[in-house]
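A short write-up of the structure that comes next.
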Amino acid sequence: MTFHHIRKAVFPVAGLGTRFLPVTKDIPKEMMPLIDRPLIHHGVDEAVASGCNDIIFVTGTGKETIFQYFQHSPELEAHLTETGKEELAEQLRKIPELADFHYTLQEKPLGLGHAVLCAEEFCKDDYFGLLLPDDVMLAEPTVLAQLESVRERYSGSVLSLEEVDKDDTSRYGIVDAEEVEPGVFRVKGLVEKPDPKDAPSNLAIMGRYVLSPSVFKHLKSIKRGSGGEYQLTDAIASMLEEEPVYALLYKGRRLDCGVREGWIKATIIKALQYPDLREIVINTIEKELNVKI
Ligand code: UTP
């Protein structure tokens, strides 16, 4: 049997971003900048680098800027060219060419599970990638590509895992899993945001998935779960009863940009990677705190 790499990637971007209010009142969380590009652009870069050329955004009302960002801006591009900023114009021209972009509307933010279900028409025929854009991943190969290589070997959906502090389990979906090779697990059960005393492990599900299209059937059968939302973890738990699900402790670093503490940390970490910005960060801290780094 030949193996087809995933070609489609879904980005749910219809959430309200309440943990980052008030800025997210008018700016979608996914459009928050990390250095000079929005979080969603970092996510799209990862999907494209992982071989996905069809990108599906599940958008909500008030998220028009995401659509606009991935369109051409003929006037701005022409202005940059006319004023001698061709390199910048070229950079902007490349954004809409990154992939084929598709949009579908989640009318109400009823939860991640519900958002994924909105992408069914685009993804019902094959395995697909799911990326939550507020997790920006620094990894080589990409986390999505790492998950794909597990799917290639085990044939099943693959979740991304990170070990978290036992006290933090109530912030994540947590798996009960059996290790089948170093870092690769067969999932036996999942719980959304368990109390530390009820958590089956400290292996938490992060914002990258490779999912079998059969997930849609299960998304249709689940009821509202934790927080009154339709939870993806509940659908995956139901899917487990019919087909194998795997999980990978991926290699790489996650920058959680969905909350201000994580976003500021991510901005500093990223800035330190750019030679011109690195000096500014160090100099500013030295001057502000009167310390030598
Ligand atoms: P989050 O829970 O991190 O995003 O969902 P949120 O709900 O926008 O943020 P808070 O919790 O209120 O601060 C992860 C991803 O799923 C999307 C979000 O836009 C985000 O990219 N999402 C979430 C949807 O598309 N629809 C939903 O109903 C919920």
Side-chain angles (χ1 to χ4, degrees), residues 9-34 37-47 55-67 69-70 101-123 128-137 143-144 159-160 162 164 168-174 190 192-193 204-209 211 215-216 219-220 222-236 254-266:
V10 175
F11 286 87
V13 295
L16 298 177
T18 53
R19 286 170 297 162
F20 221 140
L21 282 167
V23 65
T24 44
K25 181 169 173 274
D26 266 332
I27 301 173
K29 178 171 73 173
E30 302 78 13
M31 289 301 289
M32 290 290 291
L34 185 54
R37 61 196 58 203
L39 299 178
I40 189 70
H41 189 155
H42 290 276
V44 166
D45 278 346
E46 178 182 340
I55 304 281
I56 297 106
F57 294 119
V58 180
T59 63
T61 44
K63 301 270 182 167
E64 295 75 15
T65 50
I66 298 177
F67 172 78
Y69 184 82
F70 289 99
F101 295 102
H102 311 270
Y103 299 84
T104 183
L105 184 69
Q106 182 189 24
E107 283 180 12
K108 280 192 186 150
L110 297 176
L112 178 59
H114 182 260
V116 175
L117 183 55
C118 293
E120 181 180 17
E121 264 318 291
F122 290 98
C123 302
F128 61 96
L130 171 66
L131 299 93
L132 309 191
D134 39 1
D135 275 347
V136 172
M137 299 295 196
V143 175
L144 197 62
L159 319 178
S160 58
E162 212 176 85
V164 296
D168 285 343
T169 56
S170 58
R171 292 174 48 204
Y172 301 97
I174 301 289
L190 310 87
E192 186 60 32
K193 302 189 170 67
I205 305 169
M206 298 299 159
R208 298 293 183 273
Y209 307 73
L211 293 174
V215 74
F216 295 116
L219 283 167
K220 284 179 199 153
I222 56 169
K223 301 200 165 38
R224 285 177 194 250
S226 167
E229 297 189 335
Y230 291 95
Q231 298 290 350
L232 177 62
T233 36
D234 291 343
I236 298 173
R254 182 177 64 97
L255 306 178
D256 174 8
C257 301
V259 289
R260 57 183 206 154
E261 300 80 359
W263 180 82
I264 191 72
K265 222 167 114 180

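Counting starts at 1 for both ligands and their atoms, following the listed order. Because the structure is predicted, anything quoted here is derived from the model rather than measured.
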Polar atom proximity, [X] to ligand 1 (N or O, under 3.5 Å):
X: V58; value: no
X: F20; value: no
X: G258; value: no

Nearest-contact summary for [atom] - protein heavy atom, Å:
atom: atom 9 (O) of ligand 1; value: K29 NZ, 3.2 Å
atom: atom 14 (C) of ligand 1; value: L132 CD1, 4.1 Å
atom: atom 28 (O) of ligand 1; value: G111 N, 2.7 Å
atom: atom 25 (O) of ligand 1; value: A14 N, 2.8 Å
atom: atom 2 (O) of ligand 1; value: R19 NH2, 3.9 Å
atom: atom 8 (O) of ligand 1; value: G17 N, 2.8 Å
atom: atom 18 (C) of ligand 1; value: G15 N, 3.6 Å

- Item | E261, CD: over 12 other non-hydrogen atoms inside 6.0 angstrom |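 It does: E261 CD has more than 12 such atoms within range.
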Heavy-atom distances under 4.0 Å decide this one: backbone, side chain, both or neither, for [X] against ligand 1?
X: P12; value: both
X: T24; value: neither
X: Q106; value: side chain
X: T18; value: both
X: E30; value: side chain
X: K108; value: neither

Locate the shortest heavy-atom distance separating [X] from [Y]; write the atom from each residue and the value.
X: L132; Y: L112; answer: CD2-CD1, 3.7 Å
X: P12; Y: V10; answer: CD-O, 3.8 Å
X: P38; Y: Y69; answer: CD-OH, 3.3 Å
X: S160; Y: R208; answer: OG-O, 2.8 Å
X: I66; Y: P28; answer: CD1-CB, 4.2 Å

- Item | Residues which pass ring-ring contact (aromatic ring centres under 6.0 Å, His included) with F70, listed by chain and number, not counting sequence neighbours | F57, F101
Near [X], which atoms of ligand 1 are under 4.0 Å from a heavy atom of that residue?
X: D134; value: 3 (O)
X: A115; value: 24 (C), 25 (O), 26 (N)
X: L110; value: 28 (O)
X: P109; value: 28 (O)
X: P133; value: 21 (O)

Heavy-atom donor-acceptor pair, [X] side chain to [Y] backbone, under 3.5 Å:
X: H102; Y: F122; value: no
X: Q231; Y: S226; value: yes
X: D135; Y: M137; value: no
X: K63; Y: V58; value: no
X: W263; Y: P33; value: yes

- Message: Does the protein come close to atom 5 (O) of ligand 1 - that is, does one of its heavy atoms sit below 4.0 Å from that atom?
- Response: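 Under 4.0 Å from atom 5 (O) of ligand 1, zero protein heavy atoms found.
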- Message: Is the shortest side-chain heavy-atom distance between Y230 and L219 below 4.5 Å?
- Response: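 Contact flag for Y230/L219 side chains = no.
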